[in-house]
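One structure is given below, encoded as structure tokens.
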Amino acid sequence: MKTSAFRLLALLLAALLCFSMVGCGGGETADNSEEAGSGDALDDLGGDIAFDGTVGTGSDGGTGTGTGAGTGAGAGTGAGTGAGAGTGTGGGTTFGGGVSAQSRADVFKNIPKKLKGTTVAFANWGDEGGDEYVKVGKEFTKQTGINVKWQHAVQLTYESDIAQQIAAGQGPDIIINNGWIPQVYSVAQPLPSIFNINDGFWDPRVTAATRFNGKNYFVNSYYSPWIIPPIVVYNKRIYDDNGLTSPVDYIAQNNWTWETFKQCMRDAKKIGYYGGVFEPYHMAETLGPVFFKYDPNTSQVKLVDDFSPIERALRYYAECRAEGLCGNYLIAQYPAGNIGMLTTDPYALKRNGFLKEMSASDYGVVRMPDSLDGKPCNYYSTPVRAYGLAKGAKNPEGAYYFMRYLLDVDNCNAVTNIFGNKEMQKFYCEEVVPNYQKKTLGCLQLISGPLALLNLNWDHSEELVEIRREPPEQIGVAFQGKMNIFRSAVEEANKRLASYK
């Protein structure tokens, strides 16, 4: 393998992209022509999304098989406490909200005639504006008469781009909250009453986790094709073709742990491949609250009480790096087929996602490992992906109906194949979504400017990159030496939040 070539590619991509992201797309043109680009981990050369701590939990409502139009026994009630998924034999999937596919479709029969011929503008950075979703938007227009404009913004400067569009009188209707708090509130407006958060379609946990100043700002649905909990990808060609024990094998043995994840990387390395693209924050998400919490009741950010999850994740990374198992590889390199393992998010499952240049049959996807050091890893403070209205939105009612349509995985799958293949679709619908509905939701704090800690790449930031390179036994001491920086970041975040009130 040409390691130097990989390094050159990494440096070039780092220079071009600056950072890589969870659930992000590349630079596209506006109005129905965007397609998502490369993203995720740049290891020591770039960055990735950080996220905080905890807001709200759910409990398992069970799983069931639906009948007819997709009703199922896995229904959730009230404020989103249910989970589980039922697969409807009549053409639909019922997740935690318990609303059948047919009932979800009925809402479009009552669209006011006044909305026909109007336009909904959706500001995105390429993910939701990818080619497959443009097809979904066209079908929405065909069914409702409401036009869709895919308005471009850059993820790294999303809020400032939206602010400029609003100031120029060209602001969008729909905006994305990728867990970015506080600055997203500078361009968002509270939701109108048409958004009934407890109607069984919307996931109330998302709205509760992103409340600001006592008002609801953002939603996502129980049925959304856009949620971003961590997952593991492995290269089938490396493991299956060479007779190596794969993550699926370990799961079958009831032995899927962070120790066996490391063994998977070792096995790949032994036969001449790279071990993996591993990000500490993905691991930390399974261990406990990380760094910061956003409290929607007080609309303030605070440090977590216990930093052991991130310290342990950083030490695990250092251990893997010391063995030459990870470091200096990009997710953009993964489609080349030379890397065994990858921690990422469900965007990797999409046709227009992180791994679109790789044959979907060449890689498999599994859940995150179940334990570390003999202790369960079942925390999963999952990052929030949510959608709301921009300040001064011209067509909030039309935006409501488009959000209802786009944020329903059954609508998307009925129009086009948004997933890489049926295996990816099944994994998303039967494992990712039901598990997500049982987990705690977390929000990311993102601040532009000198406090890079709160930028898109906290574990690659100037403040922490030197910690990443410490030997495992020095991680704890090095981490504690940065506490003043963390406290300053929280103070800055709360100043920003106060300025938006």
Could you tell me whether Arg351 sits above the aromatic face of Phe419, with NZ or CZ closer than 6.0 angstrom to the six-membered ring centre and within 45 degrees of the axis?
no
Taking it one step at a time, do Ile162 and Tyr158 satisfy side chain to side chain contact (heavy atoms under 4.5 Å, CB included)?
CA-CA 6 Å; Ile162 301 302; Tyr158 185 75; 4.1 Å; yes
Regarding Arg211 and the six-membered ring of Tyr217, is the cationic atom NZ or CZ under 6.0 Å from the ring centre and inside 45° of its axis?
no
With a 6.0 Å cut-off (strictly less than), is the heavy-atom count around NZ of Lys135, excluding the residue itself, greater than 12?
yes
Give me the ring orientation class for Trp256 and Phe261: parallel if the planes are under 30° apart, tilted from 30 to 60°, perpendicular past 60°.
tilted
Counting only heavy atoms not in Asn196, do more than 12 sit closer than 6.0 Å to its CG atom?
yes
Quiz question: by atom type and distance under 3.5 Å, do the side chains of Ser100 and Ser103 form a donor-acceptor pair?
yes
Determine yes or no for a side-chain-to-main-chain donor-acceptor pair under 3.5 angstrom, with Asp173 supplying the side chain and Ala390 the backbone.
no
What distance do Leu441 atom CG and Thr210 atom OG1 have between them, rounded to the nearest 0.5 Å?
9.0 Å
Verdict with reasoning, Asp408 to Arg104, per salt bridge (Lys or Arg N to Asp or Glu O under 4.0 Å)
CA-CA 9 Å; Asp408 189 326; Arg104 303 201 302 272; 2.6 Å; yes
Does either side chain, that of Thr245 or that of Asp249, offer a donor lying less than 3.5 Å from an acceptor on the other one?
no
Would you say the side-chain atoms of Thr343 and Glu279 include a donor-acceptor pair closer than 3.5 Å?
no
Donor-acceptor pair, Tyr239 side chain versus Cys264 backbone, under 3.5 Å?
yes
Taking it one step at a time, do Lys356 and Glu132 satisfy salt bridge (Lys or Arg N to Asp or Glu O under 4.0 Å)?
CA-CA 12 Å; Lys356 65 181 179 180; Glu132 304 310 317; over 6 Å; no
According to side-chain hydrogen bond (donor to acceptor under 3.5 Å, both in side chains), who are the partners of Asn177, at least two apart in sequence or on a separate chain?
none
Quick one: does any side-chain atom of Ser221 pair with a main-chain N or O of Ser224 as donor and acceptor, under 3.5 Å?
yes
Side chains of Asn178 and Arg385, donor plus acceptor under 3.5 Å
yes
Is the positively charged end of Lys262 above the ring of Tyr316, judged by distance under 6.0 angstrom from the centroid and angle within 45° of the axis?
yes
For Gln253, is the CD atom crowded, meaning more than 12 foreign heavy atoms sit under 6.0 Å from it?
yes
When you compare the side chains of Glu259 and Thr257, does any donor N or O come within less than 3.5 Å of an acceptor on the partner?
yes
Tell me if the centroids of the rings in Phe195 and Tyr400 come within less than 6.0 Å of each other.
yes
Criterion ring pair (Phe, Tyr, Trp, His ring centres under 6.0 Å) on Tyr387 and Phe218, from CA distance to verdict
CA-CA 5 Å; Tyr387 303 83; Phe218 294 98; 8.8 Å; no
Under 6.0 Å between ring centres: does that hold for Trp258 and Phe278?
yes
Is a donor from one side chain sitting under 3.5 angstrom from an acceptor on the other, for Glu139 and Tyr405?
no
Can you tell me how far the CG atom of Asp199 sits from the CZ atom of Arg404, to the nearest 0.5 Å?
5.0 Å
Would you tell me whether Lys350 and Tyr133 have side-chain atoms, one donor and one acceptor, within less than 3.5 Å of each other?
yes
Grab the two heavy atoms, one from Tyr222 and one from Pro204, that are nearest each other, plus how far apart they are.
OH-CD, 3.4 Å
